[in-house]
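Only one structure is covered here, and it is reproduced in the block below.
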Amino acid sequence: MKILAIETSCDDTGITMLEIIGKDSFRILADELAMQSSLHSAYGGVYPNLAKNEHTKNLPILLERVLSKLTAVKIDKKKPVDLIAVTYGPGLEPCLWTGITFAQKLAKEWNVPIIPVNHMEGHIWGVFGKNKGSFKIPSVKFPVLSLLVSGGHTELVLSKSFLKHKVIGKTLDDAAGEAFDKVARMLGLPYPGGPEISRLAEKVKKSRFSLPRPMMKSKDFNFSFSGLKTAVLYTIRDLGKKLTLELTIELAHEFQNAVVDVLVHKTKKAIEANKIQTLIVGGGVSANKHLRRELKKIKNIELLLPTKELSRDNAIMIGMAGYLRYKNGEFAKRPQNIKAKGSLQLK
Ligand code: KG4
Ligand code: ZN
């Protein structure tokens, strides 16, 4: 069985062709990703209409590339795949729509079903994926806790099975990645800011600054990063021209520590409260070295981290999550009725 997976929820266009080669086993037949971060750099964040136009332009090009890479595999030109998996939310609606309408057109032409996929579910099960060769989803000890940290989301998700989830904590304002991006912008660093802040923060072991750790004492599993971001803004404003490169590095270090301290503290609390044995981390911020280092210190837990390529947005994870749903008999009864859901929740 072959699956074509499409991802267009934010600023990355991804198309992947996966083959199911056994029980929960996958082989990547082709994988194409077009990243737009350099285009959005000037705006200091993702500019939705620009992203939408880029997806529209990229999708047919990437599909052509994927199909042309399949020379070694027997393929029926009239029906190259058995299923299409497409992200329908959460994300930027204009962007989601480009992927959905593209999928609908192909599904009609090839006469194949579509499975709409929740992007966040992709970030969870994508932890078992690779961007080359073959891989398998192993048996998993449920309940699983996932810390999903990206530019649009910061969530703690409790999964009772591959298909049943509950969001037990989330950010009340900015997402962790968004806070990294905004603070980077304040410090004059390019977009996306996460990798830049992280690169600077790793240069020192100590900082002269002391920033707040928001919501550390709250009894729930929620997060808040906007106060921390404002604290950085005031620090920069107060320093004015005295903000040297050395101080910028120390500020980046302290900011990263503050974000990671809160993320790890809440994750630990959720692990204890729910007797978790498996912790999955996903989303762009999961690439952060300091976060990974601190999470590895948590005892009595199996920590699953995605590969660098699969921590960021990609279509492989969408194909994997789509397959798990399809296996459960799920697919869109009326593919033409699939709608983009910008604020889709996991459940
Ligand atoms: O999952 P992702 O690729 O796209 C969204 O769905 O948002 O995440 C992108 C986010 C950006 O905010 C970026 O700054 C952040 O992930 N990020 C990082 C790192 N690498 C990417 N944040 C902190 N440290 C990193 N190393
Ligand atoms: Zn994402």
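Throughout, numbering of the chain's residues begins at 1 and tracks the sequence. Note that ligands are numbered from 1 as they come in the structure, with each ligand's atoms numbered from 1 the same way.
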Crowded around Asn111 CG? As in, over 12 foreign heavy atoms under 6.0 Å?
-> no
Would you call the rings of His165 and Trp125 parallel, tilted or perpendicular, where under 30° means parallel and over 60° means perpendicular?
-> tilted
Atom indices of ligand 1 within 4.0 angstrom of His123 heavy atoms, with elements | 1 (O)
Does Lys341 come within less than 4.0 Å of Glu93, counting only side-chain N to carboxylate O?
-> no
Per-residue contact class, Gln256 against ligand 1 - non-hydrogen pairs under 4.0 Å | neither
Looking only at protein heavy atoms, which one is nearest to atom 24 (N) of ligand 1, and how far off is it?
-> Asn288 ND2, 2.9 Å
Start with the C-alpha gap between Thr87 and Glu7, add the side-chain angles, then the distance that decides, and say whether side chain to side chain donor-acceptor pair (under 3.5 Å) holds.
-> CA-CA 5 Å; Thr87 306; Glu7 158 63 34; 2.7 Å; yes
Closest protein heavy atom to atom 18 (C) of ligand 1, given as residue, atom name and distance to 0.1 Å | Gly194 CA, 3.5 Å
Working for side chain to side chain donor-acceptor pair (under 3.5 Å), residues Ser207 and His253 = CA-CA 7 Å; Ser207 171; His253 181 87; over 6 Å; no
State whether Arg293 and Glu202 are salt-bridged, where the test is any N-O pair (Lys NZ or Arg NE/NH1/NH2 against Asp/Glu carboxylate O) under 4.0 Å.
-> yes
Report the C-alpha separation of Asp31 and Thr16 in whole Å, then their side-chain angles, then the decisive distance to 0.1 Å, and conclude whether the side chain to side chain donor-acceptor pair (under 3.5 Å) test is met.
-> CA-CA 4 Å; Asp31 176 49; Thr16 295; 2.6 Å; yes
Which of the atoms of ligand 1 are close to Arg312, meaning less than 4.0 Å from one of its heavy atoms?
-> 3 (O)
Structural part of Asp181 in contact with ligand 1, heavy atom criterion under 4.0 angstrom | side chain
Would you call the rings of Tyr326 and Phe331 parallel, tilted or perpendicular, where under 30° means parallel and over 60° means perpendicular?
-> tilted
What atoms of ligand 1 come closer than 4.0 angstrom to any heavy atom of Ser150?
-> 1 (O), 5 (C), 6 (O), 7 (O), 8 (O)
Looking only at heavy atoms, is any part of Pro195 under 4.0 Å from ligand 1, and if so is it the side chain, the backbone, or both, or is it neither?
-> both
Would you check if the Zn ion (ligand 2) lies under 2.8 Å from any N, O or S atom of His119?
-> yes
Have a look at Asp313 and say which of its N, O or S atoms is nearest the Zn ion (ligand 2).
-> OD1
So which heavy atom in the protein is nearest atom 15 (C) of ligand 1, and how far is it from that ligand atom?
-> Val285 CG2, 3.9 Å
Worked verdict on Ser218 versus Lys266 for side chain to side chain donor-acceptor pair (under 3.5 Å) | CA-CA 9 Å; Ser218 74; Lys266 291 277 163 128; 2.5 Å; yes
The closest protein heavy-atom partner of atom 10 (C) of ligand 1 is Gly151 N, 3.5 Å
Return the residue, atom name and 0.1 Å-rounded distance of the protein heavy atom closest to atom 5 (C) of ligand 1.
-> Asp313 OD2, 3.5 Å
Within less than 2.8 Å of the Zn ion (ligand 2), any N, O or S from His123?
-> yes
Give me the ring orientation class for Phe225 and Phe223: parallel if the planes are under 30° apart, tilted from 30 to 60°, perpendicular past 60°.
-> parallel
Among all protein non-hydrogen atoms, which one is nearest to atom 21 (C) of ligand 1, and what is the separation to 0.1 Å?
-> Gly284 O, 3.4 Å
So is Gly152 close enough to ligand 1, meaning a heavy atom under 4.0 angstrom away?
-> yes
Tell me, yes or no, whether the heavy-atom count around Lys269 atom NZ, taken from other residues, nucleotides or ligands under 6.0 Å, exceeds 12.
-> yes
Contacting atoms of ligand 1, where contact means under 4.0 angstrom from a heavy atom of Gly177 = 12 (O)
